[in-house]
Visitor: 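Below you'll find the structure I mean.
Side chains included, hydrogens not; waters and symmetry mates left out as well; all remaining heavy atoms used. Every chain is numbered from 1 and lettered A, B, ... according to where its sequence line falls, protein lines coming before strand lines.
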Number of protein chains: 2
Amino acid sequence: MELKRSWVGAANSTETEFPLNNLPYGVFSHGDAEPHCGVAIGDQILDVTALEQAGLIREGVEPVFNLPAWNAFMAIGPEAWAAFRAHLTEILAEGAAAQDRLTPYLVPQTGAQMHMPFAVSEYTDFYAGKHHATNVGTMFRGPENALPPNWLHIPIGYNGRASSVVVSGTDIRRPWGQLKGPNDSAPRWAPSARFDIELEMGAIVGVPSDGPISVDQAFENIFGYVLLNDWSARDIQAWEYQPLGPFQAKATATTISPWIVTTAALEPFRCATPEREVELLPHLSDTGPMLYDIDLNVRLNEHTICTTNYNVMYYSAAQQLAHHTSSGCPMRIGDLLGSGTISGPEPDQRGSLLELSWGGKDPLSLPDGSSRSFIEDGDRLALRGRAMAETYQIGFGPCIGTLLPALEDPFKG
Amino acid sequence: MELKRSWVGAANSTETEFPLNNLPYGVFSHGDAEPHCGVAIGDQILDVTALEQAGLIREGVEPVFNLPAWNAFMAIGPEAWAAFRAHLTEILAEGAAAQDRLTPYLVPQTGAQMHMPFAVSEYTDFYAGKHHATNVGTMFRGPENALPPNWLHIPIGYNGRASSVVVSGTDIRRPWGQLKGPNDSAPRWAPSARFDIELEMGAIVGVPSDGPISVDQAFENIFGYVLLNDWSARDIQAWEYQPLGPFQAKATATTISPWIVTTAALEPFRCATPEREVELLPHLSDTGPMLYDIDLNVRLNEHTICTTNYNVMYYSAAQQLAHHTSSGCPMRIGDLLGSGTISGPEPDQRGSLLELSWGGKDPLSLPDGSSRSFIEDGDRLALRGRAMAETYQIGFGPCIGTLLPALEDPFKG
């Protein structure tokens, strides 16, 4: 857990999210260039696409970078992932002979535009945070029936909408939907009045599979992680979700961070899932520490409204992926698995406004004197995540979205 | 509704599914050729890929066929779809000057292998059959609460798994899953014992959209239809589906027919949805006849177990697609929308074994003396669909799958 020093000066700062220990993967553009692959180091981006084109990345690594997505790199497999990371670690290390040769290939992050780091094949969202599930269940069904009977036995998940996943910085438009309150006699068509965030981590499948895989294999098949905000229209969801689950409530947008942090970079931060309340069936059992110790927070405009950690989740992404394949479901490169909302046990550790305002019954007071039950037009929501070592930290870049007002009735005129 | 006669003799038979009026699109291979695009006519396939390569398809049509999918053709848009169909209709018509020139480009269907006709971007399954929803709801919640309160107001849908969609003829492996009967004290890991079919139609999105679209626009954006069998593990579903909907129960496989029948070919068979029991909100209202009169049947081995018609559905695919976009959800070329199970009002018109055997309580007797509650290993399920005119019929080819026995525990060894 020691900082690896780099000849890129800013990478050695205790403040940076991008020391040599991280080396996260993103897609960027600058000037007139088309979006293409880059690696964050300190306050710079190493243009691996240009390096590849110049023949400066060592032999044996396939030409995979001149694309607006890391999917082709994922396809060359875990051994090549490890070799490339080792190579980057070597050429960017303090004292590396490559420094003069590589310097022209650094692009300042401040001048770059970030894009979706990978093409999302399919998107699945889970419900694997016990505090979140308990909070939501208590609100809707009372404390005795808070957790559904299956919750402690399987990582509950549902398929989301890959086409709606966007990169940090993309504005989000408040959706319209069919709404019906408990006392309304009929549904009506109106803008969502209970639009919310969900603080999550997203795991990216990097190795395809064609049948059931074990938790250990699932762990090996995960390429890396992003921060993920699963925007949710609670009022649309309340009316639509019985009996087949959330649909349009979750389809407006899901925002991810611009940088994919690899499982290799997260390796020093592995930690165990919480103690099991009932034993899991063998195919889902814990076989080692597969969660990660990652500090997380949410800011609404300039106010921190939630501080928690990924290590509170009941199921790891590896367990979720194993369960996902259990019926024989084929998984593909670029499949994205949302962790489920990450809420800690304390009130200020809750990862959604639904929980923070207890369904709007107890609005959240902000330091500027305003209060929130749900998101208001113009609110800017920012997720951050940092894995903290003694001498360095690694992060994902911010995961930001600003809520724009609803359009005039989109079905009129 | 008159048969258009073709110089391909078999296309004029009253028995063929593929008269000149149909011209459905598929992907085939024969000999050593890679899978590529073709058009069914009578007992032949017109190799439009080879025609394109030989420069024999008239100017103005882009080179889009030398691919194992019709997605690139969809991308050139509805005007080009219409022009290409008009061109095919002309060159394949009885007396066409092109006959000698085209004859070498016909491949007998008997010698061809069919493949997935398009790349499925995302797959959504609906629940839009009122008889089906009423039957299932009655079994699970009693006749008073059979239809969920939202059912008459929105086409209920959930996201399925595009990676699991396969073409007719692909064998289906009985899945394992986590099962818990109502009297079991704990769940167990076992092969599904209640594996089922769902008789559906699938609508294919051919025009992308980036925000809410009207029912009329949705109708225009649909490229065509396939038959669809949404294989379902009822016992996995019963344990997993609360609160977020079906997940692994629906992820083993979904089978589609090899031929896409275009909306242009189905135009003469348009019909209205049933009378509305409650008025739909304006953005989902019927604006014209958008269902189709298509006779459907299911055979289990050699026995017909269901005979129904697509015209019984409560919501059209256009209404489903409009609802799908209502939150701003982007739709892409190749998105597949399952209609929901198509059951008619009579017992022998039910499109699933769950309904035909009333949840296993009243097993279905087959003419060979055997009976079925759910599918047994080795059973071959075949869906057929025909739109019937007085002098011709148009079909999709069969939608077939045979159930293979479950593997030994896939998580062992």
Side-chain angles (χ1 to χ4, degrees), chain A residues 121-122 124 127 137 148-150 153-154 156-164 173 175-178 180 186-189 192 211-212 214 233 236 239-253 278 281-284 322-324 326-332 335 407 409-411, chain B residues 121-122 124 127 137 148-150 153-154 156-164 173 175-178 180 186-189 192 211-212 214 233 236 239-253 278 281-284 322-324 326-332 335 407 409-411:
Chain A
S121 294
E122 297 189 65
T124 308
Y127 187 59
N150 50 16
H153 299 278
I154 42 177
I156 300 294
Y158 65 97
N159 298 298
R161 185 73 198 174
S163 66
S164 70
R173 179 70 68 180
W176 287 65
Q178 200 175 114
K180 181 178 175 298
R188 62 204 162 84
W189 171 246
S192 169
S214 67
I236 297 175
W239 173 233
E240 77 176 358
Y241 93 110
Q242 286 290 6
L244 299 184
F247 183 50
Q248 289 307 286
K250 302 283 194 168
T252 300
V278 299
L281 285 169
H283 69 289
L284 293 176
H323 175 59
H324 207 321
S326 62
S327 67
C329 181
M331 301 301 296
R332 296 189 293 202
D335 281 339
L407 295 170
D409 185 346
F411 285 119
Chain B
S121 294
E122 297 190 66
T124 308
Y127 188 59
N150 50 16
H153 300 277
I154 42 178
I156 301 294
Y158 66 97
N159 299 297
R161 184 76 197 172
S163 67
S164 71
R173 178 71 66 180
W176 287 64
Q178 201 175 113
K180 181 177 175 298
R188 63 203 162 84
W189 170 245
S192 169
S214 67
I236 296 175
W239 173 233
E240 77 176 358
Y241 92 110
Q242 285 292 6
L244 299 182
F247 183 49
Q248 289 306 288
K250 300 283 194 167
T252 301
V278 298
L281 285 170
H283 68 288
L284 293 177
H323 175 60
H324 206 322
S326 61
S327 68
C329 181
M331 302 301 296
R332 297 189 294 204
D335 282 338
L407 295 170
D409 185 346
F411 284 118

Visitor: For each of B:Pro187, B:Ala249, B:Gly328, tally heavy-atom pairs with chain A at distances under 4.5 Å, and name the one with the top tally.
Guide: B:Pro187
Visitor: List the atom of A:Phe411, the atom of B:Pro212, and the distance in Å for their closest heavy-atom pair.
Guide: CZ-CB, 3.8 Å
Visitor: Looking only at heavy atoms and a cut-off of under 4.5 Å, which of A:Leu407, A:Ile154, A:Thr124 has the most pairs with chain B?
Guide: A:Ile154
Visitor: Just how far is it from atom OG of A:Ser327 to atom CZ of B:Phe247, taken to the nearest 0.5 Å?
Guide: 8.0 Å
Visitor: Output the option from A:Glu240, A:Arg332, A:His324 having the highest count of non-hydrogen pairs under 4.5 Å with chain B.
Guide: A:His324
Visitor: Determine the option with the most heavy-atom pairs under 4.5 angstrom with chain A, choosing from B:Ala162, B:Pro330, B:Ala251.
Guide: B:Pro330
Visitor: Can you tell which of A:Gly157, A:Ser121, A:Gly137 has the highest number of heavy-atom pairs within less than 4.5 Å of chain B?
Guide: A:Gly157
Visitor: With side-chain contact (heavy atoms from CB on, under 4.5 Å) as the test, would you mind laying out the steps for A:Met331 and B:Arg161 before giving the verdict?
Guide: CA-CA 9 Å; A:Met331 301 301 296; B:Arg161 184 76 197 172; 3.7 Å; yes
Visitor: In terms of heavy-atom proximity below 4.5 Å to chain A, should B:Gln242 be classed as side chain, backbone, both, or neither?
Guide: both
Visitor: Specify which of B:Ser192, B:Cys329, B:Ala253, B:Ser163 makes the most heavy-atom pairs with chain A at under 4.5 Å.
Guide: B:Ser163
Visitor: Below 4.5 Å from any heavy atom of chain A, which atoms of B:Leu284 appear? Answer side chain, backbone, both or neither.
Guide: side chain
Visitor: Pick from A:Ala233, A:Pro282, A:Gly160: which one has the most heavy-atom pairs with chain B under 4.5 Å?
Guide: A:Gly160
Visitor: Using a cut-off of under 4.5 Å on heavy-atom pairs, state which of A:Tyr158, A:Tyr127, A:Trp189 scores highest against chain B.
Guide: A:Trp189
Visitor: With a 4.5 angstrom heavy-atom cut-off, could you sort out which part of A:Arg173 is near chain B: side chain, backbone, both or neither?
Guide: neither
Visitor: Examine whether an atom of B:Leu281 lies under 4.5 Å from a heavy atom of chain A, and if so say whether it belongs to the side chain, the backbone or both; otherwise answer neither.
Guide: side chain
Visitor: Report the option among A:Ser164, A:Gly245, A:Pro175 that has the most heavy-atom pairs separated by less than 4.5 Å from atoms of chain B.
Guide: A:Gly245
Visitor: Does the ring centre of B:His283 sit less than 6.0 Å away from the ring centre of A:Trp176?
Guide: no
Visitor: Side chain from CB out, backbone as N, CA, C, O: work out which of these in B:Pro148 comes under 4.5 Å of a heavy atom of chain A, or both, or neither.
Guide: side chain
Visitor: Which region of A:Pro149, side chain (C-beta onward) or backbone (N, CA, C, O), has a non-hydrogen atom less than 4.5 Å from a non-hydrogen atom of chain B, or is it both or neither?
Guide: both
